[in-house]
Amino acid sequence: MGLRSLFRRKRAAAAPARTAPVTPTPEEPLSPEALEEIEAAWADLEEAAKESGVKGIHACSRGGQPWQKDPAAVRTIAAAIRALPEAAEERAESS
């Protein structure tokens with residue numbers, strides 16, 4: 001088989017992807033304690049963003065629950081934002 005025939009070869013049709021249909025689940029209202037915890041986590045994130053100068057955040061969800069409603073995920077993002085300037089300083093010192 002020559003090089004030209006390699007590129008002229010027709011590709012076999014790919015099998016259609018089989019995925020399970022996504023069924024939305026109704027959201028339960030947050031309890032007052034959970035609502036207070038998520039608001040505190042968001043305040044922590046806002047403070048971290050102001051301190052570091054971050055103007056936007058892009059994140060994706062895992063596990064079916066949006067990260068915006070998970071206090072642990074919001075606090076983890078805040079911690080990551082706070083760690084960014086420290087990591088940049090460490091790289092500048094090691095160079």
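Quick note: residue numbers are just sequence positions, from 1. In this text, all values refer to a predicted model and were calculated from it rather than measured experimentally.
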Give a yes or no on whether Ile57 and Val74 share a hydrophobic cluster (residues Ile, Leu, Val, Met, Phe, Trp, Tyr; joining criterion: side-chain heavy atoms under 4.5 Å apart). yes
Would Trp42 end up clustered with Leu30 when hydrophobic side chains under 4.5 Å apart are linked, directly or stepwise? yes
If I compare all heavy atoms of [X] with all of [Y], which pair ends up nearest, and what's the gap?
X	Y	value
Pro71	Ile38	N-CD1, 3.5 Å
Trp67	Ser61	N-OG, 3.2 Å
Ala78	Asp44	CB-OD2, 3.9 Å
Ala59	Ile77	CB-CD1, 4.2 Å

List for me each residue that meets salt bridge (Lys or Arg N to Asp or Glu O under 4.0 Å) alongside Glu51, sequence neighbours excluded, and say none if there are none.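 Glu51: salt bridge (Lys or Arg N to Asp or Glu O under 4.0 Å) contacts with Arg82.
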Could you tell me the separation between the NZ atom of Lys50 and the CG atom of Leu45, rounded to the nearest 0.5 Å? 11.0 Å
